[in-house]
> 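I have a structure I would like to understand better, so I am pasting it below and will then ask my questions one at a time.
No hydrogens, no waters, no symmetry mates; every other heavy atom, side chains included, goes into these values. Note that ligands are numbered from 1 as they come in the structure, with each ligand's atoms numbered from 1 the same way.
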Amino acid sequence: MPDPTSLPTVEPPGFPGLPDAGVLQEMANAFFRALPGDAREVPPPPAMAGPGFAPPSVPVPPAATPVVPSVPVPVPFAILPLTPDVNPGSIADQNRSVAPSLYLTGFSASRPAFERKAIPALDRSLPNEAELKALLADRAPARGPVAPTGGGAMSSPTSEPYFLRPLPAPTSFPAAPTLPAGGRTALVPPAARPAAGAGFDPSVIRKDFPILTERVGGKPLVWLDNAATTQKPRAVIERLVWFYEHENSNIHRAAHTLAARATDAYEAAREDVRAFLNAGSSDEIVFVRGATEGINLVAETWGRANIGAGDEILITGLEHHANIVPWYRLAKAVGATLRVAPVDDKGDVIVEAFAGLLGPRTRLVSLTQVSNALGTVTPAALLVAMAHAAGAKVLVDGAQSVPHMPTDVRALDADWFVFSGHKVFGPTGIGALYGKKAILDAMPPYQGGGNMIADVTFEAISYQPPPSRFEAGTGNIADAVGLGAALTYLSSLGLAAVAAHEHALIEDCVRQLKTVSGVRIVGDPAERAGVVSFVIEGINTEEVGRRLAQDGIAVRAGHHCAQPVLRRFGLESTVRPSFAIYNTHDDVEALIGAIRRIRVGA
Ligand code: PMP
């Protein structure tokens, strides 16, 4: 067997480009030649990619006679080195005797990160040459039983694996706005919206969402209730099925194979969330039920420990009840004051008023990045910077922003960031709380129970570090894995392209709504994402919702759990179509046509 360290190296092309099939083949061949007879401990895969990260050199034999028949390489996912890997830290830390798992390790074009794909059939030994050939072949369109860990390629009898779709060009995160020198207009930087990428095609995306072919009352379903919850792509549905068919176990505790698989999948999903948010460490990601639980967790832990009588909590007038009630309750309990930054007639937070409400007693600011009622995109990075300058900690509610725009918690500099999986094409009952490591480290536990303790006696209890400290009991393991798949799916589309597509839909919707007499659009914010709210003169909103439903069009009609902001506009309820990646201009036409018919009949 050749010594891999003595082999010449082939430099893969500069990241994030993809190596060609020949390079991949050489790498695979090198790996086959280096295979030992038995399983052995090997170093963990290289650290996650960051700025300036380059793929490692890969040893290849001097005269590579292909061992592997040429394999069609999927465009967006390239296997670089094939790396056998023994249990990841999560399991190894818990129990060294757990059976080793093996992974294909590689890069995804959509994400500058190593990805590890579990190979469940090969748990007890390194793959032999024939098995590796099969695994490589499974990457071909013919597909096969390669199980993804936290997203990636899914085999399906009915659908093309989603990784085979060409990806739009990689996107970059916009820089955080800087503190304003002066007036209001400087606060929202002009949105440099990229055109929707050539690879972004909603008609192709729709095919990934089985429910979109449903007919309701004999009409094709037009799903415009995305702000309430999004539909799920096959990649998520099949990932959940795969979990329950191949991986299901409780995590972290047992010394058996399924526990290892389930733990791997769960921790890989945490890494997916980290990458999606651009957090610095997966230890900063706590799985919670959703945005609501994330906010309550911070209020009940950090809030109880750090906010006292006479202190102030500042929110904005745009907030969802989930970002009002926990702070109201905390303020009542500890004798603090809840202050609210007002909203102007367009539905924007009045930044000067926000600044005026910040003071030496402000301990915490909690604000939404996108309003679920009006669609207002707040200048969140600016407000965070202003709050920090006043010495306050800041939580950003990303429930309505994450499906619609790139998220970068480090650029945002929020101390905490919350979102819900079900609004970002993932399952219900799962979401994430991001918290800066030093802050999470100093926070007391939320709930007590299993998983979150280091040691228990009747006299003294010590706790795990974050994130385990905040994940008491058996969590929503499968749905966390499903969330990882959802984020991987969404990222593969390119968030900038998503934003551009949805922006065009919303502009179309607003423009056409303005042509319908009797329709009043609520708010005209400087920047809008996801949502348009309106009322129709003389017809109550519930009736509008009901009549639209008869045409197969699902929208929300009600107070959207944001009563204060609607009352700011003198309303108790609005009709709220909300958009997502799979919506089209045909959906807008269907909505406008139905509204016109309602107007005629009114
Ligand atoms: N914040 C905002 C802005 C929301 O739109 C929502 C859900 N509508 C929430 C928080 C709460 O999310 P969940 O119910 O998923 O916890």
> Are Y434 and F276 an aromatic pair by the rule of ring centers under 6.0 Å?
no

> R289: what forms a side-chain hydrogen bond (donor to acceptor under 3.5 Å, both in side chains) with it, not counting sequence neighbours?
none

> Tell me the salt bridge (Lys or Arg N to Asp or Glu O under 4.0 Å) pairs involving residues 419-436, sequence neighbours left out?
D413-K436, D415-K436

> Taking side-chain contact (heavy atoms from CB on, under 4.5 Å) as the criterion, tell me which of L374, V522, D345 meets it with R568.
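It is D345; the other options fail the test.
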
> At what distance, to the nearest 0.5 angstrom, does CZ of F417 lie from CG of L412?
6.5 Å

> Applying salt bridge (Lys or Arg N to Asp or Glu O under 4.0 Å), which residue pairs with at least one partner in residues 481-508 are found, sequence neighbours left out?
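Applying salt bridge (Lys or Arg N to Asp or Glu O under 4.0 Å) to every pair that reaches into residues 481-508, excluding sequence neighbours, yields D508-R511.
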
> Can you give me a line-by-line list of nitrogen or oxygen pairs between ligand 1 and the protein shorter than 3.5 Å?
{"unit_1": "ligand 1", "atom_1": "1 (N)", "unit_2": "D397", "atom_2": "OD1", "d": "3.3"}
{"unit_1": "ligand 1", "atom_1": "1 (N)", "unit_2": "D397", "atom_2": "OD2", "d": "2.5"}
{"unit_1": "ligand 1", "atom_1": "5 (O)", "unit_2": "Q400", "atom_2": "NE2", "d": "2.7"}
{"unit_1": "ligand 1", "atom_1": "8 (N)", "unit_2": "H320", "atom_2": "NE2", "d": "3.1"}
{"unit_1": "ligand 1", "atom_1": "8 (N)", "unit_2": "K423", "atom_2": "NZ", "d": "2.8"}
{"unit_1": "ligand 1", "atom_1": "12 (O)", "unit_2": "S420", "atom_2": "OG", "d": "3.4"}
{"unit_1": "ligand 1", "atom_1": "15 (O)", "unit_2": "S420", "atom_2": "OG", "d": "2.7"}
{"unit_1": "ligand 1", "atom_1": "15 (O)", "unit_2": "H422", "atom_2": "NE2", "d": "2.8"}
{"unit_1": "ligand 1", "atom_1": "16 (O)", "unit_2": "A291", "atom_2": "N", "d": "3.4"}
{"unit_1": "ligand 1", "atom_1": "16 (O)", "unit_2": "T292", "atom_2": "N", "d": "2.9"}
{"unit_1": "ligand 1", "atom_1": "16 (O)", "unit_2": "T292", "atom_2": "OG1", "d": "2.6"}

